[in-house]
Structure formats: C-alpha cells, structure tokens
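Have a look at the structure below, then the notes.
Every heavy atom of this structure was used, including side-chain atoms; hydrogens, water molecules and symmetry mates were not.
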Amino acid sequence: MEPTNQKFLERVVSQKALQMGSSFPCQICVVGFLCGVCLTSFFLAVLTSVGTFGFTGISFSSLSMGNSPLNSSSEIINVITSSDYQSKVKETARWVDSKGREPESDDDERVSLLTEAWGALLADREPEESEFSKRFGLNKSSLPNTPHLENCKLSAQVNKHLDARSGAGRFPPWTTWKGSLNMYPATETDKNLRSFKDQPVSDGAYPPWIVGSDEENYPLTRKVQRDIWIHQHPVNCHDPNIKFLVADWEKLPGFGIGAQFAGMAGLLAIAINEKRVLVTGYFNRADHDGCKASRGSWSCYFFLETSQDCRDRAFELITNKEAWEKGTIKGKDSYKSKEIWTAKVPREWGDPWSYLQPTTDINGSLIAVHHKMDRRWWRAQAVRYLMRFQTEYTCGLLNVARHAAFGKEAAKMVLASLDKDWPKVITNQPKSEIEEFVWSNHRPWVPRPLLSMHVRMGDKACEMKVVEFEEYMELAHRIQMRFPHLKNVWLSTEMQEVIDKTRSYPHWNFYYTNVTRQVGNVSMATYEASLGRKTSTNYPLVNFLMAVESDFFIGALGSTWCFLIDGMRNTGGKVMAGYLSVNKDRFW
C-alpha cells in the first residue's frame, strides 16, 4: 500500500511540475537564467585575455612593493620581432558602477593597448599600416607621443652631421645649434641665419656630446674632447705627415668588456703622445648577427673613432712594407703589454687631475687625493670620446629597454593627458615647429630620481673586497635620507641571489634586466659564454648607459666596470651627483 501511495504522489508532483513548466512566467525565468550563464562565461573569457602583454626577445623586470621577480630565463635585448605581438585588441563591455564611474580595469585596458602598440613599433620588422590597424584598431599616426623613446633614425642622422667635417675641411656645426635645430629650413630672406650657419666654428665652440658646464664635469673636459676630435679627424688623411696606430680591441680569453675599454684608452693615449691617428680594428663583442653590416666593428654600437677616409688610408698602409719601416703606421704589437695598460697620460693639457673635485664617498668620507688620479681622469676622457655618439642600433637597444621597464608608467602618464574616451575619440594635431626642432633635444623620459646600482660579486673576490647587497642598500638609504622622494633603482648584477634579496625591500622599485644570472660562484668568462656573445654584450652596455644617465650611482671602485661608469658620469655633467662606493680601487 505504501509503494502505491508513493507512485501516486510522484504522478501528482510530475503533472504539477509539467503545468508549471509550460507556464509563460516560468519559461521567461529559464531563458533568463540561461542567458545569464552565457553572458557570465563571455565576460570571464574576455577579461582573462585582455591585457596579456609580453616580450620574448627582451624582458625587463620591475619589482615594487614586494612582488616576486619574473622568471629570469629568457634572453635579453634581442630586437623584437613582429611575432612577439600576436595578441589582438578585443571589444569588451564597459562596466559602469552605480555612480557612473568606469572601474580601473577599463583604464588598465587602455594602458595595455597603448603600451603594446608602442612596443610593436620597436619590432625588427615594423608592421605595415594595414597590419597595425588590424591588430590594434589604430593608425600609427593616431598614437600619442612616446616620451620614453628616442627617434633613433633622426638622432643618428643629426649626430652624423655633427661628427664630420663639411666642405673645405671646415668644422662640424658646433655652435649654438643642438638637436634638430640645425636642420631648420631657413628661407631666402633669412640671410643672417644662413650666413651664421655657414661660418666656421669659433675657437670657443665645444663638442655637443658634452652635457653641462666645466664645473659639472671633470676639469677641462670640454676642451679635451674638442682637441681629441681634432686630433682624430685631420683635414687631409692622405697627408704624408699623418701617422697611424691600427689596433684590434683586446680579445684574450678572460678579458671583460671593461678591460677592453681600459685597454683602448691606453692605446688612444699612446696615439696622442706619438701624434698618430688611432684606428680601431676587430671588436669581437660585435661579432654577432645583431650587428649585421657592421659586424665585428665598434661602429655597431658607437660612432667610429676617426673618419672613414682616415680608416681607408690606414688599412691601405697596412700592406705597405715601407710604411712600417718608416713608422708611418704601427700596430698593437709594436708596444709591450705594460706600455698599453699603464700608458703615459697625455700632458698637453697640463695636469688637470690634480684639482679633481672630491665627490667620491667611501665609508662616509670624501676621497680628495689618491693614487693614479691621472689615469682616472684620462680613462674618463678616452671612454667618453669613444662613446660620444650612439649608433641607431644602440639607441634601439635602449628604447627597447626603457619601454620594457617604464612603458606602462609612460602610458599611464600620457593617457592622463588625453580624452578619457581614447582611442574611440582621437584628436590629431600636426607637430609644431618648436616640437620638431627645439624640443627634439630633450632626453627620453625615465622615472626620476633614478638610482643606478651595480653589485659586483662572484669571481671578483680575487681582485677586490666583495660586500653583500645589504651594504649597497645601506648606501641607498643614505641617499634617500637626503632625497626622500628617491625610490627607483636600476639594478645591474650578475648574481641571482642579489635579485632574490630585493624582495626584502618592499618600499623600493627595482628595475633589472631579465637575463639568466649566476647561481653559485663561476668565472665571468664562463658566465658570459653561457649567455652567448650577443646577449653578453648588449645587456651590459644597456646597464652601463642607463647608469650614466641616472641621477645617482652606487658601485664598487674596485671593479673596472664601475670605475668606467664613474668616469662617464663625470664627463657627462654628473660630477656634483657624487659617487658612493663600497670599496676603494685596488690600485689606490
């Protein structure tokens, strides 16, 4: 009896449910429920895909407020290929809260779009307009200005103009013209302007690669740089009185890039003392696919040390036996190793090193006098001259580095000045003349103040006192006590343990190259070989140049690399920024 009653009850419930299910209100509820499920799935899929952005050829890490660092296994500073930007812009619904305000996710979407679009323009093969428009829904011309990037092609053109003699052996236009201003198209009525631009440079004009006044640089820097350029660029390279010194860059195993720079500084000193024009030869660190037409040459990264005419003449004389016998040409083998590494500093400018300003801090005290002050001053002058102008390739490496490190911050800053509906609302304004010619000389934006820190450890312990990362950060804190708005650190190091320790400093923003680092203690030569020639050259040079441009610098003077960075800063208008070192130079 009980089972029968149960079946009867089930039939009643089933019939009632059928009647309810066939009712119109219930059908509406079911349809509404299914639509809600579909919409929820759609928005979840969109939100998880928007904002994905990455570099495969180059990667920089930014560690802020205790975030753990990114994976450090990818190669650094390979020029980005177009395949690195495959994510497409997707249409998403715009959520508005009860007060009519759009949430932060919409701003994040715009930041990601702008950052990625800028990055696509840095690709080795820049996308065509149609491809760019299809990928981002934008035209290239509609992109706002990139404050953190430099126009490398234009800069190379301007610098080439400033590094060559004009007709009749006249000086380059080293007058009051800077940036693109010398390219301003004067009209026929601007006779005074044309006349002034055509005049030979006066005795008081100095090279444009020197920033700041005499007081902001090592003594006589502007005059010395001018005189070196004149020495290296004779009016007539075929004059029989012109003598040459042709030398490859040092390439012995175990020689770091800093030692190579120091060696060439010695050769430049010898050339000046002997009234010879220095001509550099094979540079092994440029012997990789990235250098393309200038493979194996210093000209891959920086402008050559002399004119092409003088180089052609020197290489022509190399095969001339009589030229060797007369001493018209010499090579690196003409000198002993000690003569190169401890080359006599040129004395034609007196002894300006004797009145170097005491701006180096060690253990809380300024170092006013030390051994080898003349070598410190000269190496700074020599390296500054050799690196006076970056090539388009080097400029591109720095662009990629800045974009990977600061691109998102730059995008947020730019979007704050645009219409809130960008990119749906775009206002294109033609570039004014002041933007094109006057403001062209402004350096790319970086978050300032910026502290550069080079932490050298590993096998360097056999040459100098090695200290832990904590001591470097103690010096950083000293700077911050005087400049409390300092919080950004450009960190360069070969040790993974240093990167790991940055997590202990959550109130600092750390930027560093995302490159495989040493775990344990191996030689620098072994470490560089594991990275490959291209990476082991490109990423240190980027770190070097970023350190030169930073507001403050902390390093170890016992490291040749830090020693040279300090020299570049002291010939780049940074003398009064000072230098905090964790140790002394090993030769002092």
Side-chain contact, heavy-atom cut-off 4.5 Å: Thr306 with Phe244?
-> no

Side-chain donor-acceptor pair under 3.5 Å between Thr360 and Arg376, yes or no?
-> yes

For His288, all residues meeting ring pair (Phe, Tyr, Trp, His ring centres under 6.0 Å), sequence neighbours excluded | none

When every non-hydrogen atom of Gly258 is compared with those of Thr560, the smallest separation belongs to O-CG2, 3.7 Å

Does the ring pair (Phe, Tyr, Trp, His ring centres under 6.0 Å) test come out yes or no for Tyr282 and Trp249, once each step is laid out?
-> CA-CA 6 Å; Tyr282 178 67; Trp249 292 78; over 10 Å; no

Residue pairs meeting salt bridge (charged side-chain N to carboxylate O under 4.0 Å, His left out), one or both in residues 386-399, sequence neighbours left out, come to Lys153-Glu392, Asp163-Arg388

Decide, yes or no, whether a salt bridge links Glu116 with Arg135 under the criterion of side-chain N to carboxylate O below 4.0 Å.
-> no

Indicate the atoms forming the closest heavy-atom contact of Ala269 with Trp378, along with that distance.
-> CB-NE1, 3.4 Å

Any donor-acceptor N or O pair under 3.5 Å, side chains Thr526, Ser523 = yes

Say whether, by atom type as modelled, one donor and one acceptor occur between the side chain of Gln496 and the main chain of Arg517 under 3.5 angstrom.
-> no

Test Leu278 against Met264 for side chain to side chain contact (heavy atoms under 4.5 Å, CB included), laying out the working first.
-> CA-CA 10 Å; Leu278 175 67; Met264 193 55 69; 3.9 Å; yes

In terms of the angle between their ring planes, are His233 and Trp229 parallel, tilted or perpendicular, with boundaries placed at 30° and 60°?
-> parallel

Search all heavy atoms of Phe283 against all heavy atoms of Ser297 and return the closest pair with its distance.
-> CB-C, 4.0 Å

Any donor-acceptor pair under 3.5 Å from Thr537 side chain to Arg285 backbone | yes

Looking only at atom types and distance, does a side-chain atom of Ser536 sit under 3.5 Å from a main-chain N or O of Leu531, one as donor and one as acceptor?
-> no

Student check: side-chain heavy atoms of His477 and Glu474 closer than 4.5 Å = no

Should we count CD of Glu128 as having more than 12 external heavy atoms under 6.0 Å?
-> no

Taking Thr493 for its side chain and Val455 for its backbone only, find out whether a donor-acceptor pair lies under 3.5 Å.
-> yes

Full working for side chain to side chain contact (heavy atoms under 4.5 Å, CB included) between Val414 and Asn145 = CA-CA 8 Å; Val414 168; Asn145 179 54; over 6 Å; no

Stepwise salt bridge (Lys or Arg N to Asp or Glu O under 4.0 Å) test for Lys574 and Glu549 = CA-CA 9 Å; Lys574 302 284 187 180; Glu549 294 294 327; 5.5 Å; no

Should Thr571 and Arg384 be marked as a side-chain hydrogen bond (donor to acceptor under 3.5 Å, both in side chains) after you check the CA-CA gap, both sets of side-chain angles, and the distance that decides it?
-> CA-CA 7 Å; Thr571 54; Arg384 168 59 65 180; 3.1 Å; yes

Just wondering, are more than 12 heavy atoms of other shown residues or ligands nearer than 6.0 Å to NZ in Lys412?
-> no

Side-chain donor-acceptor pair present, Tyr393, Asn538, cut-off under 3.5 Å | yes

Give the C-alpha distance, both sets of side-chain angles, the deciding distance and a yes or no for side chain to side chain contact (heavy atoms under 4.5 Å, CB included) between Leu245 and Lys332.
-> CA-CA 8 Å; Leu245 168 56; Lys332 188 163 63 174; 5.8 Å; no

Relative to each other, are the rings of His485 and Phe483 parallel, tilted or perpendicular (30° and 60° limits)?
-> perpendicular

Any idea which heavy atoms bring Cys152 and Gly396 closest together, and the distance?
-> SG-N, 3.5 Å

Can you establish whether the number of heavy atoms outside Met413 located under 6.0 Å from its atom CE is more than 12?
-> yes

Are a donor atom and an acceptor atom from the side chains of Asn284 and Glu250 found within less than 3.5 Å of each other?
-> no

Answer yes or no: is there a side-chain heavy-atom contact under 4.5 Å between Tyr512 and Ser492?
-> no

Check whether any side-chain N or O of Glu305 sits under 3.5 Å from a backbone N or O of Thr280 as a donor-acceptor pair, and report yes or no.
-> yes

When you measure from the side chain of Ser530 to the backbone N and O of Tyr527, does any donor-acceptor pair fall under 3.5 Å?
-> yes

Ring pair (Phe, Tyr, Trp, His ring centres under 6.0 Å) between Phe302 and Trp209: does it pass, once the steps are laid out?
-> CA-CA 13 Å; Phe302 300 95; Trp209 58 85; over 10 Å; no

Closest non-hydrogen atoms of Asp287 and Arg295, given as atom of the first, atom of the second and distance, are OD1-NE, 2.6 Å

Does the Trp298 side chain pair with the main chain of Leu386, one donor and one acceptor, at a distance under 3.5 Å?
-> yes

Yes or no on side chain to side chain contact (heavy atoms under 4.5 Å, CB included) for Asn543 and His454, after CA distance, side-chain angles and deciding distance?
-> CA-CA 9 Å; Asn543 283 329; His454 181 68; over 6 Å; no

Tyr218 vs Trp353 side-chain heavy atoms within contact, under 4.5 Å = no

Is there side-chain contact between Phe315 and Val246, with at least one heavy-atom pair below 4.5 Å?
-> yes

What residue among Arg402, Glu409, His403, Arg443 forms side chain to side chain donor-acceptor pair (under 3.5 Å) with His148?
-> His403

Would the number of heavy atoms belonging to other residues, nucleotides or ligands and lying under 6.0 Å from NZ of Lys487 be above 12?
-> no

Okay, side chain of Arg569, backbone of Asp551: is any donor-acceptor separation there less than 3.5 Å?
-> yes

What do the steps show when you test Phe552 against Tyr579 for ring pair (Phe, Tyr, Trp, His ring centres under 6.0 Å), and what is the final call?
-> CA-CA 7 Å; Phe552 302 100; Tyr579 175 23; over 10 Å; no

Give a yes or no on whether the backbone of Tyr301 and the side-chain of Thr394 come within a donor-acceptor separation of less than 3.5 Å.
-> yes

Exam field: side chain Gln225 to backbone Gln381, donor-acceptor pair closer than 3.5 Å = yes

Any side-chain heavy atom of Trp490 sitting closer than 4.5 Å to one from Val446?
-> no

For Ile318 and Ile329 the tightest heavy-atom approach is CG1-CD1, 3.5 Å

